[in-house]
Peer 1: 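Take a look at the following structure, please.
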Amino acid sequence: MSETPPKRESKNFVEQSIDADLQSGRFQSVNTRFPPEPNGYLHIGHAKSICLNFGLAKTYNGTCNLRFDDTNPVKEETEYVDAIMKDIKWLGFEWDSLHYASDYFEDLYQWAEQLIQSGDAYVCDLSAEEMREYRGSLTESGRNSPDRDRSPEENLDLFRRMRAGEFPDGSRSLRAKIDMASPNINFRDPVMYRILRASHHRTGDTWCIYPTYDWTHGQSDSLENISFSICTLEFENHRPLYDWFCQKLGIHHPRQIEFAKLKLSSLVVGKRFMLRLVKEGHVSGWDDPRMPTLSGYRRRGYTPESIRNFCSDVGVAKFNSTIDMVRLENSVREHLNKIAPRRMAVLDPVKLTITNWPEGQVEIMEAVNNPEDPEIGKREIPFSGNLLIERGDFREEAPRKFFRLKKGGAVRLRAGYIVDCYDVIKDEDGKVTEILCTYDPETRSGADKSGRKVKGTIHWVSANHAKEMTVRLYDRLFTVEDPGSTEEGKTYLDYLNPNSLTTVTAYAEPSLQSHEIGDRIQLERIGYFVLDPDSQAESIVLNRIVPLRDTWGKMEAKGKTV
RNA sequence: UACCCCGUGGUGUAAUGGUAACACUACUGAUUUUGGUUCAGUCAUUCAAGGUUCGAGUCCUUGCGGGGUAGCCA
């Protein structure tokens, strides 16, 4: 009998906290929620939170709700609600139940009256500016509001009249009565309600007072019987307040746990940053394939699996780290390598003519769809004497380590024959317009009787059979690592990459014609591509998802080719 | 200069007081009809200084460094 060694899987600090609470009996189950404010589109940073919350529910056999934190009507729209739900589903998650903080407005109101009656909240007549003055600063304590000692009766009366609409916007607020000298500024009598006449995307004009985040979040969690309320680090200082409200109210008390949000190199994810890119036309919309939004990645061709893998890959901790973009791209390549059928297309063509090829003859070659997955079979590609190859795959004079085609050299045409180049034709500017080769009939792919070995293999397409298609080559939007923090007098717009999108016409093997929108393929030796929704029957548009790793390009850039 | 949080290779994450692990990057090399993939190898004594301990990345103290917080935003 072999003993299985005790296998300890490593857990992140959130899971460790959960384990401890489950063990101690503080909670019996794991109930989480993902609580976006519907004021914009979800981005890659949200993906981390989504994967965390839904993932925890799954691993602990618990539940995860979707709750829209819609307490600020001036910023929120139904359009965003719909987009958010679509993105979460696309990522591959299903919520156990759907809620809106606005569903709890009446509960919240009743609880507010309760705190007023217990003397823990009061109506304050200070204006916003006055309140700021009274609050003190980071180093000085605040002063009590002149209205702080109003009686519960008077407060109740005023609060009811606030709700009834008797006072103008901003003229009064309801505040928790805590401690104006607290070193935690969130304890300096935080606002619970503001008077705000704005139409809410769900409750319309029913309310003219709206609860703030602090007064809403914990109680919403409580009502949904959430056990672990997971949020990002900037809410750390709010946790004491979260706890204070639950305790004062004597209600089910979830545990708030904070983690570091995802920060990726060379992109900006802030709402106003992204909004400006869209509004000023630097990108085509929220789903522009260069955008870090989930809808952008979807259109770009990223798979939900690869984003999920990426999120679990980067882990969860409290350290503010920056993840290199290549991690995400790597995760995409890793998945696509396994699932994407291979095809050939030439993006920057030059003619290659096989002068010993029988005039007018066409041969059908067979090529595997994906060497990683023999299950998905083979495809047929027409081969002829008039080919197109990549201009970059030919050099008249080439360094020693250039394994592609050179004058006087030979190369294998993938899934075809070995050809020998004996001459080139140039135009008056000296630019090569045609490469003249002979082929070796003994070297047919899969039936090579020659025993010949060549160093390089290149892709090609038969000129008369090739299908023209539009290819959009995407690169990163910004040229710097951290577009968010820029030097004096510059904004992130000064670091926009002028080459973030280039469009070229490609010549592709005929089988590419039979793909559908959303299909992902690998163009051999180039990269992974997805059929864009802009595609028409006869005019296909491909988006480059991510290029293949390019060891040669790297060597060349470093001058290591000799 | 108040309070809170954080400091482990180039980048991240782990090590639950017992002798630094995993992934990515980078660099070597092998295989390869994609310079792709795959495979093998190389790259840290844990911010610093004290202390507790038989033993400290883990606990304590101080310092240094980074982040957050002064919306009637979330």
Side-chain angles (χ1 to χ4, degrees), chain A residues 8-12 16 20 35-37 39 69-72 74-76 101 124 126-128 131-132 135-142 169-175 182-188 190-196 209-210 212-214 216-217 231-240 258 260 265 271 313-324 326-327 330-331 333-334 337-338 342 344 367-368 370-372 401-404 411-416 418 443 445-446 448 453-459 522-527 547-556:
Chain A
R8 200 210 276 127
E9 54 190 288
S10 83
K11 297 191 170 189
N12 63 50
Q16 290 171 15
E37 182 187 18
N39 68 344
D69 229 340
D70 54 352
T71 58
N72 185 6
V74 303
K75 290 188 172 181
E76 297 149 8
C124 176
L126 255 25
S127 69
M131 203 181 287
R132 191 180 337 116
R135 186 158 34 230
S137 73
L138 294 176
T139 51
E140 303 161 280
S141 75
D169 284 10
S171 61
R172 295 177 205 263
S173 61
L174 184 74
R175 297 223 256 164
S182 172
N184 182 343
I185 289 177
N186 293 307
F187 264 29
R188 321 247 261 229
V191 171
M192 297 162 62
Y193 274 94
R194 67 271 213 185
I195 303 174
L196 179 61
I209 57 172
Y210 288 95
T212 57
Y213 165 85
D214 284 313
T216 306
H217 204 89
C231 61
T232 46
L233 248 29
E234 66 268 31
F235 292 102
E236 253 169 348
N237 295 333
H238 292 247
R239 180 166 16 103
E258 311 86 11
S265 64
K271 247 150 226 160
D313 226 52
V314 299
V316 178
K318 300 192 77 158
F319 178 67
N320 284 305
S321 59
T322 301
I323 311 290
D324 198 314
V326 303
R327 292 281 290 277
N330 193 65
S331 169
R333 286 194 193 97
E334 189 181 21
N337 178 46
K338 294 194 190 95
R342 315 284 129 120
M344 289 199 285
V368 292
N370 187 349
E372 304 291 315
K401 289 192 179 172
F402 184 85
F403 299 153
R404 285 108 105 137
V411 77
R412 165 133 241 144
L413 295 175
R414 166 125 254 229
I418 290 178
T443 60
S445 180
D448 194 316
K453 287 270 184 259
V454 287
K455 210 66 164 132
T457 302
I458 64 173
H459 60 279
Q522 182 197 100
L523 292 184
E524 287 200 276
R525 303 210 306 131
I526 300 176
L548 251 34
R549 272 209 186 78
D550 182 14
T551 311
W552 165 250
K554 216 181 285 177
M555 281 167 62
E556 207 172 26

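Nothing here was measured: the structure is a model prediction, and the numbers come from that model. Chain letters run A, B, ... following the sequence lines, proteins first and then strands; every chain starts at 1.
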Peer 1: Give none if B:A2 has no partner; otherwise give the nucleotide forming a Watson-Crick or G-U wobble pair with it, both distances under 3.5 Å.
Peer 2: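 Paired with B:U69.
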Peer 1: Reckon A:R135 touches a base, only the sugar-phosphate, or nothing at all at heavy-atom distances under 4.0 Å?
Peer 2: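 A:R135: backbone/sugar contact only, no base atoms under 4.0 Å.
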Peer 1: Under 3.5 Å, is there a donor on one side chain and an acceptor on the other for A:S137 and A:E140?
Peer 2: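 There is such a pair between these side chains.
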Peer 1: If we take the P atom in both B:A14 and B:U28, what is their distance in whole Å?
Peer 2: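 Taking atom P in both B:A14 and B:U28, they lie 32 Å apart.
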Peer 1: What is the distance, to the nearest angstrom, from the CG atom on A:N330 to the C1' atom on B:U11?
Peer 2: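 Rounded to whole Å, this separation is 13 Å.
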Peer 1: Answer with base, sugar-phosphate or nothing: what part of the nucleic acid does A:H217 contact at a heavy-atom distance below 4.0 Å?
Peer 2: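 Nothing: the residue A:H217, judged by heavy atoms under 4.0 Å, touches no strand.
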Peer 1: Tell me if B:G71 is syn or anti. Syn = glycosidic torsion within 90° of 0, anti otherwise.
Peer 2: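 In terms of base orientation relative to the sugar, B:G71 is syn.
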Peer 1: Touch check for A:F235, heavy atoms < 4.0 angstrom, all strands: base, sugar-phosphate only, or nothing?
Peer 2: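 Here A:F235 touches the bases of the nucleic acid.
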Peer 1: Report the residue (A:F402 or A:E140) whose heavy-atom-nearest nucleotide on RNA chain B is the more 5′ of the two.
Peer 2: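 Looking at RNA chain B, the more 5' nearest nucleotide goes with A:E140.
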Peer 1: What I'd like to find out is whether the side chain of A:R342 reaches to under 4.5 Å of the side chain of A:P371, using heavy atoms alone.
Peer 2: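 Heavy-atom side-chain distance check passes, below 4.5 Å.
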Peer 1: The side chain of A:K318 is closest to which nucleotide in this list: B:C24, B:C73, B:C5?
Peer 2: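 Among the listed nucleotides, the one closest to the side chain of A:K318 is B:C5.
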Peer 1: Assign A:G446 to base, sugar-phosphate, or nothing according to its heavy-atom contacts below 4.0 angstrom with the strands shown.
Peer 2: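 It contacts base atoms.
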Peer 1: Go through the N and O atoms of the side chain of A:E234 and the base of B:U69, and report whether any donor-acceptor pair is under 3.5 Å.
Peer 2: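 Answer is no: no donor-acceptor pair is held.
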Peer 1: Reckon A:N39 has a side-chain N or O less than 4.0 Å from the OP1 or OP2 of B:A74?
Peer 2: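 For B:A74, OP1/OP2 do not have a side-chain N/O of A:N39 under 4.0 Å.
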Peer 1: Within the pair A:K455 and B:U33, is there a side-chain N or O less than 4.0 Å away from OP1 or OP2?
Peer 2: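 It does not, given that no N or O in the side chain of A:K455 lies less than 4.0 Å from OP1 or OP2 of B:U33.
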Peer 1: Counting any heavy atom closer than 4.0 Å, what does A:S137 reach on the DNA or RNA strands: base, sugar-phosphate only, or nothing?
Peer 2: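 Touches a base.
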Peer 1: Would you kindly give the CZ-to-P distance between A:R414 and B:G35, to the nearest whole Å?
Peer 2: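 After rounding, the gap between these two atoms is 8 Å.
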Peer 1: Tell which nucleotide pairs with B:A44, taking only Watson-Crick or G-U wobble pairs whose two distances are both under 3.5 angstrom.
Peer 2: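 Base-paired to nothing in any strand shown.
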Peer 1: Hey, is the side chain of A:R404 pairing donor to acceptor with the base of B:G35 inside 3.5 Å?
Peer 2: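 It does, because a donor-acceptor pair links the side chain of A:R404 to the base of B:G35 below 3.5 Å.
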Peer 1: Using a heavy-atom cut-off of under 4.0 Å over every strand shown, decide if A:T322 touches base, sugar-phosphate, or nothing.
Peer 2: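 Here A:T322 touches the backbone only, sparing every base.
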Peer 1: In whole angstrom, what separates A:H459's NE2 from B:U32's P?
Peer 2: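 Atom NE2 in A:H459 sits about 22 Å away from atom P in B:U32.
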Peer 1: With rounding to the closest Å, how many angstrom separate the P atoms on B:A49 and B:C39?
Peer 2: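 Rounded to whole Å, the distance is 40 Å.
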Peer 1: Assuming nearest nucleotide by heavy-atom distance, tell me which of A:R194 and A:G136 is located more 5' along RNA chain B.
Peer 2: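 This one resolves to A:G136.
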Peer 1: Using atom P in both nucleotides, what's the gap between B:U42 and B:A20 to the nearest angstrom?
Peer 2: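 B:U42 and B:A20 have their P atoms separated by 15 Å.
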Peer 1: P atom, B:G41 versus B:C22: distance in rounded Å?
Peer 2: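 Pairwise P distance, B:G41 against B:C22, rounds to 11 Å.
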Peer 1: Could you tell me how far B:C47 sits from B:C27 if I compare only their P atoms? Round to whole Å.
Peer 2: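 Nearest-Å result for B:C27 against B:C47 at atom P: 28 Å.
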Peer 1: Is A:F319 stacked on the base of B:G7, with ring centres under 5.5 Å apart and planes under 30° apart?
Peer 2: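 Whether judged by distance or by angle, A:F319 falls short somewhere, so it does not stack on the base of B:G7.
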Peer 1: Which one is paired to B:C59, where only Watson-Crick or G-U wobble pairs with both distances under 3.5 angstrom count?
Peer 2: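 Looking at the geometry, B:C59 pairs with B:G51.
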Peer 1: Would a 4.5 Å heavy-atom cut-off, applied to side chains only, mark A:I195 and A:R172 as touching?
Peer 2: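 Touching, per the 4.5 Å side-chain cut-off.
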Peer 1: Using only heavy-atom distances, decide whether a donor-acceptor pair under 3.5 angstrom links the side-chain of A:S445 to the base of B:U33.
Peer 2: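 Flag set: donor-acceptor pair detected.
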Peer 1: Inspect the contact between A:E556 and A:K401 and indicate whether a charged nitrogen and a carboxylate oxygen are less than 4.0 angstrom apart.
Peer 2: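 Looking at A:E556 together with A:K401, the answer is no, because their closest N to O distance does not fall below 4.0 Å.
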Peer 1: Counting the benzene-type ring for Trp, do A:F402 and A:W552 have ring centres under 6.0 Å apart?
Peer 2: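 So the answer is yes for these two rings.
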Peer 1: Tell me: CZ of A:R188 to C1' of B:U69, nearest whole Å?
Peer 2: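 Value for this atom pair: 11 Å.
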Peer 1: If you take atom types as modelled and just measure distance, does the side chain of A:E372 reach the base of B:G36 with a donor-acceptor pair under 3.5 Å?
Peer 2: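 Side chain to base: pair found, below 3.5 Å.
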Peer 1: Ignoring backbone atoms, test whether A:T71 places a side-chain nitrogen or oxygen under 4.0 Å from the OP1 or OP2 oxygen of B:A74.
Peer 2: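 Yes, A:T71 has a side-chain N/O under 4.0 Å of OP1/OP2 on B:A74.
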Peer 1: For B:C22, which nucleotide in any strand shown is its Watson-Crick or wobble partner with both distances under 3.5 Å?
Peer 2: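 WC or wobble partner is B:G12.
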Peer 1: Return the set of residues passing side chain to side chain donor-acceptor pair (under 3.5 Å) with A:N39 (not counting sequence neighbours), or none when no residue passes.
Peer 2: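 Checked A:N39 against side chain to side chain donor-acceptor pair (under 3.5 Å); matches are A:E37, A:K271.
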Peer 1: On a whole-Å scale, what distance lies between the C1' atoms belonging to B:A56 and B:U19?
Peer 2: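 Comparing C1' positions in B:A56 and B:U19 gives a spacing of 10 Å.
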Peer 1: Do A:E236 and B:U69 have a side chain to base donor-acceptor pair shorter than 3.5 Å?
Peer 2: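 In this structure, the two groups form no donor-acceptor pair.
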Peer 1: Taking 5.5 Å and 30° as the limits, would you call A:W552 and the base of B:G35 a stacked pair?
Peer 2: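 Yes, aromatic ring over the base.
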Peer 1: Look at A:D448 together with A:R412 and state whether they make a salt bridge at an N to O cut-off of under 4.0 Å.
Peer 2: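 The answer is yes: the pair qualifies as a salt bridge.
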Peer 1: Is any side-chain nitrogen or oxygen of A:T551 closer than 4.0 Å to OP1 or OP2 of B:G36?
Peer 2: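 Answer is yes, contact under 4.0 Å.
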Peer 1: Strictly by Watson-Crick or wobble contacts shorter than 3.5 Å, is anything paired with B:A30, and which nucleotide is it?
Peer 2: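 B:U38 - that is the nucleotide pairing with B:A30, both distances being under 3.5 Å.
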Peer 1: Is it the case that B:U34 (base atoms only) and A:R525 (side chain only) share a donor and an acceptor within less than 3.5 Å, ignoring hydrogens and angles?
Peer 2: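 It does not, because no donor-acceptor pair links the side chain of A:R525 to the base of B:U34 below 3.5 Å.
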Peer 1: Nearest whole angstrom, please: distance from the C1' of B:G67 to the CG of A:L138.
Peer 2: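 Distance, rounded to whole Å: 14 Å.
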